[in-house]
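In what follows, a single structure is set out as structure tokens and then discussed.
Nothing fancy with the numbering, it's 1 onward along the sequence. What's counted below: heavy atoms across the whole structure, side chains too, no hydrogens, waters or symmetry copies.
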Amino acid sequence: MSSYVGRLVRGLGAFAMVTLVAGCSSVLHPNAVAGEVDVRTLDIDADSSTKPPALPSYLGIRGYMQLEAARLADAVLSPYEVEPKYFWGATASAQVTPESVTQYLADPVVKVLYDNGFVVGFSTGAADSVTPLTKAVYGTHDHEGIRVTVLRFRDAASARSAAQQTDAADMALNPQNTPVKLPKYTDAFAHWRPTVPTLGSTLAHGVFVVNILADARTTDLTRLTEMTQQYLAAELPVLDRFVPTPEAKIPTLQQDPDHILVRALHQGAAASPPDGGSEIVYTLRAYLNYVQDQGTRYPVMGRAGIDRVAVAPAAYVFRARDAAAAVQFVADSAHLGDADARRDVDPPEGVPNTMCVENYTAPAAARFRCFVAYRRYAALVLGQQLWQTQQRAASQYALLADAQATLPN
């Protein structure tokens with residue numbers, strides 16, 4: 001079965017690489033309206049809280065930078081949004097330190113970022129096959145796709161300097177690198193090797209630097225240039241609409257302003273600061289960057305009107321347009337992915353709008369997953385054993401019911 005949030009694996013450990021599969025049943029609070037389940041009757045997980053978790057009062061500088069990177073992710077288009085044939089997402093991540101960019105950019109770029117006042121960044125990529133678009137495997141001739149890293153600097157002058165130095169640092173790595181001009185973006189720096197089917201480009205745009213690696217099956221510079229310019233034409237207007245948080249105000253960012261994360265099941269009574277893609281809330285566009293089979297999952301999320309996704313260590317919560325959309329979202333997701341890699345298993349007793357599946361190819365800690373719909377929210381919980389996952393699903397339902405009664409909706 002394909003992975004719904006495959007590239008959160010580094011941040012979420014064994015709980016990542018999950019696939020949204022759906023269900024059809026529903027659940028409630030002790031003060032529920034007529035027809036809703038009394039959650040006190042459910043078999044819940046003793047280690048999980050059915051009350052909204054307490055949020056930390058201080059997130060640490062890394063935590064606040066993760067929040068700003070998540071905001072930036074909403075302004076960085078997945079290449080799939082630009083070119084639908086790039087069906088498969090790969091390697092999205094927040095960049096909160098200069099060192100973190102080395103998964104995507106050349107190692108000498110780290111010094112460039114330090115020298116020019118790097119603030120925060122975000123990287124994403126997508127291709128027409130599942131081959132990851134990472135620094136280690138580009139130029140393989142076996143896929144076509146785009147990898148992009150958007151970096152923010154202290155001011156526009158610093159961004160211009162960083163763009164020139166980034167290109168120079170990368171150019172210097174191989175004597176066969178040859179400068180290339182982008183006809184529609186004459187301020188961009190670009191280069192390629194005529195024997196390698198990739199084109200690297202770097203463009204300063206306001207306080208941002210947009211770094212693109214276009215990767216194709218053949219050494220066709222015209223095609224690589226078209227790919228690059230097509231992405232820039234779509235991305236730059238989106239980036240123009242993004243309002244960066246002033247550096248001095250980044251520590252004032254809220255971890256969960258829309259009360260979505262506190263609806264996600266946690267072990268214990270408290271959430272942790274954001275780190276590695278977890279304990280954070282994304283917009284749909286930001287979250288799409290982390291989805292592997294984007295061409296399948298994105299339409300399902302779009303039809304349901306998903307506008308926020310909370311990612312916790314063992315649960316995901318999706319806010320849909322309304323209650324009917326949440327139920328339909330779960331149902332539409334049920335049979336996505338490889339049917340031969342999963343089987344339906346019993347949902348937790350007494351919990352409506354719920355379905356559980358076993359995924360044969362998932363990591364052990366995420367072998368079982370249950371989906372729950374309650375009012376306008378849908379949730380996914382994971383577990384290594386069926387009984388454990390069923391209890392977590394019941395707990396997640398009870399939490400959604402409690403939050404409905406105690407939190408703004």
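For R71 (side chain) and L67 (main-chain N/O), no donor-acceptor pair under 3.5 Å exists by modelled atom type. R392 places a side-chain N or O within donor-acceptor distance of the main-chain N or O of L382, the cut-off being under 3.5 Å. Using a distance-only test at 3.5 Å, with no hydrogens or angles considered, no donor-acceptor pair links the side chain of S48 to the main chain of D45.
Classification of R217 and D128 as a salt-bridged pair holds, one side-chain N sitting under 4.0 Å from a carboxylate O. Salt bridge present: R308 and D258 bring a charged side-chain N and a carboxylate O closer than 4.0 Å. Taking the charged nitrogens against the carboxylate oxygens, R147 and D215 have no contact shorter than 4.0 Å, which rules out a salt bridge. Using a 4.0 Å cut-off between charged nitrogen and carboxylate oxygen, E358 and R367 count as a salt-bridge pair. A salt bridge links E144 and R223; the closest N-O separation between the charged side-chain nitrogens and carboxylate oxygens is under 4.0 Å. A salt bridge links D115 with K111; the closest basic N to acidic carboxylate O contact falls under 4.0 Å. In this structure, K51 pairs ionically with D402, as a charged nitrogen and a carboxylate oxygen lie closer than 4.0 Å.
In plain terms, the two heavy atoms of Q396 and A315 that are nearest each other are OE1-CB, 3.7 Å.
Taking the ring centroids of F329 and F371, they lie at or beyond the 6.0 Å cut-off. For Y58 and Y64, the gap between ring centers is short of 6.0 Å.
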Quiz: residues 200-213 side-chain donor-acceptor pairs under 3.5 angstrom, not counting sequence neighbours:
residue	atom	partner	partner atom	Å
T202	OG1	N211	ND2	3.2
H205	NE2	D240	OD1	2.6

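Between the side chains of S93 and Y104, a donor-acceptor pair is found at a separation under 3.5 Å.
Taking the salt bridge (charged side-chain N to carboxylate O under 4.0 Å, His left out) definition, one finds that D47 meets it with nothing, sequence neighbours left out.
A perpendicular orientation is assigned to the rings of Y287 and F318, their planes being inclined by more than 60° (bins at 30° and 60°).
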What verdict does the side-chain hydrogen bond (donor to acceptor under 3.5 Å, both in side chains) test give for Q95 and T149, after you've listed the backbone C-alpha separation in whole Å, the side-chain angles of each residue and the deciding distance to 0.1 Å? CA-CA 9 Å; Q95 312 300 341; T149 296; 5.3 Å; no

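The CG atom of L105 sits 10.0 Å away from atom CD of Q103, with the distance rounded to the nearest 0.5 Å.
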